[in-house]
Amino acid sequence: MSDIIHLLPDSVANQIAAGEVIQRPASCLKELVENSLDAGAKHIRVIVRDAGRTLLQVVDDGKGMSPTDARMAFERHATSKIQQASDLFQLRTMGFRGEALASICAVAHVEVQTRREEDEVGIRLEIAGSEVISQELVQCPVGTNMRVKNLFYNVPARRKFLKTDQTELRNLITEYQRIVLVNPQVQFTFVSNDEIISELPTCTLKQRIETVFGHSSKPYTGNLVDIATETELIRISGFIGKPETANKNSQQYMFVNNRYMRHPYFHKALMTAYSGMLLPEHSPSYFLYFDIHPDAIDVNIHPTKTEIKFADEQAIFQILLAATKEALGKFNVAPSLDFTTESHLDIPQRTNNISSVSAPRMQLDPNYNPFKAQISRKTPSGWNQLYEQSTDQAYPTPKNMPSADINVLFDAPLQIENTPLIQWDNRYIIAPTPTGLILIHQHRAHTCVLYNVLLEQIQNKQAATQPLLFPEILELTQDDFNTLELLLPELLSVGFSLEQFSPIAYAINAVPALLGQKSPSNAILQLIHKVQDTEHSASEQWQEMIALGLAEQMAIPQGKPLTEIEMRDLVERLQQASSSRHLPNGKTISILLSHEDIQKRF
Ligand code: ADP
Ligand code: MG
């Protein structure tokens with residue numbers, strides 16, 4: 001029999017790679033504009049037709065390419081930005097993989113015209129399906145003009161996956177905004193179907209933010225507070241919105257080394273600083289810029305991923321939290337801020353290189369007098385009410401709270417030591433104690449125990465995980481897929497290992513060890529639906545929701561017979577839980593029938 005393995009032709013290999021890098025017109029825009037920025041452009045024009053389907057053009061006045069480089073640029077792994085692996089840790093450019101142009105030209109008709117300052121003539125190339133169709137020397141301005149036409153002309157499945165023009169244009173604009181918000185020194189123009197929809201002159205960062213969002217109902221002018229802090233580990237600067245301008249559609253942006261990122265953990269630091277200042281469901285706007293040495297973040301990130309891993313997340317959390325509180329306090333917008341306790345910072349030690357972390361240096365306004373601010377600090381009317389509302393939200397009051405005396409008794413830990421335990425109806429554990437009879441809901445008791453274990457694992461990032469011998473493929477509806485994408489960090493932290501498998505499917509490679517023999521797909525689907533069903537679920541609550549959702553799924557069911565040993569084990573572990581009365585969703589775990597209650601009945 002003849003050998004059967006052969007190398008794929010470049011055009012096919014590039015098309016496969018394109019599936020990952022270029023998912024929609026917006027990813028193409030991102031790659032092209034980032035190349036223009038890397039080329040030092042001062043003015044970048046984006047021109048699209050039919051939301052990028054028929055034309056996506058990026059014209060820049062950057063350094064251009066030589067005719068040879070222009071041809072090379074479309075080869076896979078062709079890059080001028082790194083030469084060896086160690087360069088990855090010094091990375092200051094947006095691109096480095098040398099994949100983008102190769103991917104784009106595999107799935108579109110590309111026309112490029114480019115010239116360097118030192119060359120008299122430029123080159124014009126036409127490429128389709130990775131093949132150079134024509135090339136000629138031309139007169140053209142310095143810089144690069146890249147026209148991508150008929151995206152996915154040879155990949156019908158991709159074309160079908162695209163949304164309406166309206167949605168794709170929105171995706172393009174989102175990507176454009178993420179770029180313009182970090183490059184105020186560059187002039188940008190965005191033209192869609194011959195209409196200029198954005199014209200941004202060079203300006204300061206603050207002006208750029210105000211111009212980009214100036215049209216929205218709550219313009220930021222005058223409502224952004226500076227935030228700035230610098231430590232040896234990281235520099236954080238930018239702007240945060242005053243609490244009173246928080247709303248349901250706030251703009252929240254974080255960038256690291258000029259790259260947009262999503263970071264739920266740092267978002268939480270911010271929300272913690274604002275806690276008690278916001279109406280329920282409202283969240284503040286923020287524009288935060290992190291500058292960190294490239295070796296302290298994982299640079300080898302996938303081009304379409306916005307999650308970024310930091311080596312010192314906990315230290316950065318504390319720095320960000322302190323800086324935000326400082327900023328809110330400095331502008332007298334944080335009535336609850338206590339200057340005496342906030343003036344020192346509690347920064348966890350960096351484990352790998354302790355000596356390189358020093359306390360943050362706050363950039364303080366020299367005219368700022370904290371004591372003056374403290375004296376003139378006003379409590380806004382309705383403050384108490386606001387505050388109460390927000391605590392209520394964090395600790396929901398169950399509708400079926402037991403009466404007050406039982407509450408008092410049960411605030412103390414459960415006093416069940418050597419009393420005999422009885423299972424009744426395969427549902428409840430009855431424990432006779434000196435104060436009365438304790439009735440325990442077995443499923444909820446176990447849920448409570450598992451919830452605490454899972455939450456601790458999530459928070460310490462030490463989930464016990466169990467690899468699957470055969471990965472399970474989880475196919476999702478678009479809605480479920482979108483929710484799953486949002487929940488990914490939490491799911492990973494609880495012990496799942498997931499990998500995108502297709503535009504609407506994930507491969508489940510590992511599951512939390514506690515899940516046992518339960519179906520991983522069902523477990524994830526239930527979590528997705530739980531988050532979707534919870535009105536106004538905020539990302540800060542996802543960890544708790546996922547821990548609780550999983551615990552509910554894994555806990556022993558009602559109706560299961562338990563041995564004396566199992567009951568004792570469960571009761572002992574419940575006794576160690578911080579709350580043995582109620583689950584975080586308010587459901588009752590255990591009730592006490594006191595002597596008095598029982599006597600009254602006779
Ligand atoms: P990467 O950006 O990862 O290096 P790309 O495929 O995006 O890979 O680009 C390949 C190379 O083509 C770049 O390294 C750069 O040298 C060159 N190039 C691409 N776009 C431009 C541009 N607009 N101006 C100048 N050079 C460019
Ligand atoms: Mg690039």
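Just so it is clear, the model here is predicted, and its values are computed rather than measured. Counting starts at 1 for both ligands and their atoms, following the listed order.
Summarising the geometry of Val110 relative to Met146, their closest heavy-atom pair is CG1-SD, 4.3 Å, with the distance given to 0.1 Å. Here the closest heavy-atom approach between residue Leu101 and residue Ala73 is recorded as CB-O, 3.5 Å.
Here the rule is ring-ring contact (aromatic ring centres under 6.0 Å, His included) with Tyr289, and of Tyr253, Phe255, Phe239, Tyr260 only Phe255 fits it.
Any N or O atom pair closer than 3.5 Å counts here, and Thr144 shares at least one such pair with ligand 1. Ligand 1 has no N or O atom lying under 3.5 Å from any N or O atom of Glu31, backbone or side chain. For the pair Ala102 and ligand 1, the shortest N or O to N or O distance does not fall below 3.5 Å. Considering both main-chain and side-chain atoms, Asp38 never comes within under 3.5 Å of ligand 1 through any nitrogen or oxygen pair.
In Ala39, the part holding a heavy atom less than 4.0 Å from any atom of ligand 1 is the side chain.
A salt bridge does not link Lys206 with Glu210: every distance from a Lys NZ or Arg NE/NH1/NH2 to an Asp or Glu carboxylate oxygen is 4.0 Å or more. A salt bridge is defined here as a Lys NZ or Arg NE, NH1 or NH2 lying under 4.0 Å from an Asp or Glu carboxylate O, and Glu136 with Arg124 meets this definition. For the pair Glu168 and Arg53, the salt-bridge criterion is not met [side-chain N within less than 4.0 Å of a carboxylate O].
The aromatic rings of Phe266 and His263 lie parallel to each other, their planes meeting at an angle below 30°, with 60° marking the opposite boundary.
Of the candidates Glu34, Met72, Arg116, Met65, the one placing a heavy atom closest to atom 21 (C) of ligand 1 is Met65. Distances from atom 9 (O) of ligand 1 to the heavy atoms of Asp60, Asn35, Leu37 put Asn35 nearest.
If you number the atoms of ligand 1 from 1 as listed, the ones under 4.0 Å from a heavy atom of Ala100 come out as 6 (O), 7 (O). Close contacts of ligand 1 with Ala73, meaning ligand atoms under 4.0 Å from a residue heavy atom, involve 10 (C), 12 (O).
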